[in-house]
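Right, one structure below, let's go through it.
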Amino acid sequence: MHMRTVYVNGDYLPETEAKVSIFDRGFLMADGVYEVTSVLDGKLIDFDGHAVRLQRSLDELDMKNPITKDDLLEVHRELVRLNGIEEGMIYLQITRGAPDDRDFAFPDPETVPCTVVLFTQNKPGLAANPVAQKGIKVISIEDIRWGRRDIKTVQLLYPSMGKMMAKAAGVDDAWMVQDGFVTEGTSNNAYIVKDGKIITRPKTNDILHGITRAAVLRFAEEAQMTVEERNFTIEEAQDADEAFITSASTFVMPVVEIDGAQIGDGKPGSVAPRLREIYLEESRKVAI
Ligand code: PLP
């Protein structure tokens, strides 16, 4: 791959020269938060939403934000420019920094600044992803993550294991289930459509409050579609007319099979593709 220019604590460096301490709490304790913002037409999609959620994640973990929103926007834009990104993603991670030694107690934020890392992921064709024409298949797995999934931490071991379980089952992703109800996908929010109604789990500590979720639900309501925020089961999903996921990098993606059971006729229906189209069109208009 072409050598990227990445950002580490104020510096723009070739990716091979960017370094973080072995004592960094992101590395030792998964003590860090992240955001992924997509880029279309060389512009940032939903930047504001991601910046607001980042601040909330930091607040919930008592981490002092080391960078202003304006500066963060500037770094995002500079990385897009330096790396010539037309379509792709910007990954951002902020950790509680690197104290002198390993210790469970948080370091003093006055002497140990947070670590800030950003890098680009070039994905030409992200919006025109042909997978959206066919939809994806998922399996269900038990949700055994911690209780604060609303905080976007870098603690992604279980979601990674979920992706591997999906791969071993020959499908694309996994939907997680807690007490009989779907929480979300490994890296996306989950929805079903029944009799024209869009059904998705309400925002609690049990799921990440997706930025794409917020935008898609807003566009759905503006298009006079009915949105019902409530829990649903795998059985209900298998019996639904449609299913789909949302995330910053997949936008809106139809789901056509759950645990081997075909949804509807096994092809994307009308609601998910329409929402994908509206989301892409409207987000591009206000991209910055
Ligand atoms: N849920 C989880 C667990 C995620 O990891 C993600 C994104 O990474 C999402 C939902 C979707 O959030 P967003 O739309 O902000 O990308």
Side-chain angles (χ1 to χ4, degrees), residues 3-39 42-83 85 88-122 146 148-157 159 187 205 208-212 214 247-249 287-288:
M3 175 90 77
R4 279 175 283 199
T5 299
V6 304
Y7 175 93
V8 185
N9 298 326
D11 296 323
Y12 293 91
L13 299 167
E15 60 186 11
T16 48
E17 277 161 46
K19 299 278 191 308
V20 174
S21 164
I22 63 158
F23 296 113
D24 195 278
R25 288 183 60 94
F27 177 62
L28 294 179
M29 310 275 186
D31 188 358
V33 300
Y34 76 108
E35 284 295 332
V36 176
T37 303
S38 58
V39 177
K43 289 183 180 166
L44 302 163
I45 301 295
D46 281 334
F47 174 80
D48 226 69
H50 290 285
V52 168
R53 184 174 62 191
L54 172 68
Q55 186 59 55
R56 180 180 179 277
S57 293
L58 293 168
D59 290 344
E60 291 296 317
L61 296 175
D62 272 326
M63 282 169 66
K64 203 172 140 208
N65 194 346
I67 186 162
T68 66
K69 193 168 150 190
D70 286 350
D71 287 346
L72 199 60
L73 175 58
E74 190 47 43
V75 175
H76 275 74
R77 284 178 160 163
E78 186 63 2
L79 284 179
V80 166
R81 192 185 68 78
L82 290 169
N83 293 285
I85 307 295
M89 286 97 78
I90 312 270
Y91 177 85
L92 147 77
Q93 178 168 332
I94 299 183
T95 77
R96 206 182 303 274
D100 293 339
D101 200 358
R102 181 174 182 270
D103 188 353
F104 281 81
F106 294 173
D108 179 357
E110 298 306 321
T111 54
V112 178
C114 285
T115 302
V116 184
V117 168
L118 287 94
F119 56 80
T120 53
Q121 295 184 284
N122 192 27
W146 79 323
R148 290 303 306 275
R149 302 157 192 160
D150 56 310
I151 308 173
K152 198 165 169 67
T153 73
V154 296
Q155 200 186 302
L156 296 175
L157 182 54
S187 60
N205 292 352
L208 185 75
H209 305 174
I211 301 308
T212 320
S247 75
S249 55
I288 56 171

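All values below were derived from every heavy atom in this structure, side-chain atoms included, with hydrogens, water molecules and symmetry-related copies excluded.
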Distance (rounded to the nearest 0.5 Å) between Asn205 CG and Ile151 CD1: 7.5 Å
Straight-line distance of Thr153 OG1 to Tyr34 OH, nearest 0.5 Å: 7.5 Å
Between CD on residue Gln55 and CD1 on residue Ile94, distance to nearest 0.5 Å: 8.5 Å
Minimal non-hydrogen separation, Thr95 against Met63, with atom names: C-CE, 3.4 Å
Residues Glu74 and Arg77 bridged, charged N to O under 4.0 Å: no
side-chain contact (heavy atoms from CB on, under 4.5 Å) evaluation trace for Ile45 with Thr212: CA-CA 9 Å; Ile45 301 295; Thr212 320; over 6 Å; no
Charged N-O contact under 4.0 Å between Arg148 and Asp150: yes
Carboxylate-amine/guanidinium proximity below 4.0 Å for Asp62 and Arg96: no
Approximate separation, where rounding is to 0.5 Å, of Tyr12 OH and Leu82 CG: 7.0 Å
Polar side-chain atom of Ser21 near backbone of Phe23 as donor-acceptor pair, under 3.5 Å: yes
Non-hydrogen atoms of Arg53 and Leu208 that approach each other most closely: NH1-CD2, 3.3 Å
Check: Asp46 and Thr37 side chains under 4.5 Å, non-hydrogen atoms: no
Shortest non-hydrogen contact from Asp31 toward Arg25: OD2-NE, 2.7 Å
Check: Leu73 and Leu44 side chains under 4.5 Å, non-hydrogen atoms: yes
4.5 Å side-chain heavy-atom contact, Gln121 and Ser249: no
Reported OG1-to-CG distance for the pair Thr5 and Leu79, which is rounded to 0.5 angstrom: 8.0 Å
Heavy-atom donor-acceptor pair, Arg4 side chain to Asn83 backbone, under 3.5 Å: no
Ring geometry between Phe119 and Tyr91 (parallel below 30°, tilted from 30 to 60°, perpendicular above 60°): parallel
Atom of Ala18, atom of Val8 and distance for their closest heavy-atom approach: CB-CG2, 3.5 Å
Minimum-distance pair of heavy atoms, taken over all atoms of Val112 and Pro99: CG1-N, 3.9 Å
Minimum side-chain heavy-atom gap Val33-Leu54 below 4.5 Å: yes
Asp100 atom CG, over 12 foreign heavy atoms within 6.0 Å: no
Trace of the side-chain contact (heavy atoms from CB on, under 4.5 Å) decision for Val39 with Ile90: CA-CA 7 Å; Val39 177; Ile90 312 270; 3.8 Å; yes
Glu35 with Lys152: basic N within carboxylate O range, under 4.0 Å: no
Heavy-atom neighbours of Phe27 CZ exceed 12 at 6.0 Å: no
Considering all heavy atoms, the nearest Met29-Asp103 contact: CE-O, 3.4 Å
Euclidean distance, Leu72 CG relative to Leu118 CG, rounded to 0.5 Å: 6.0 Å
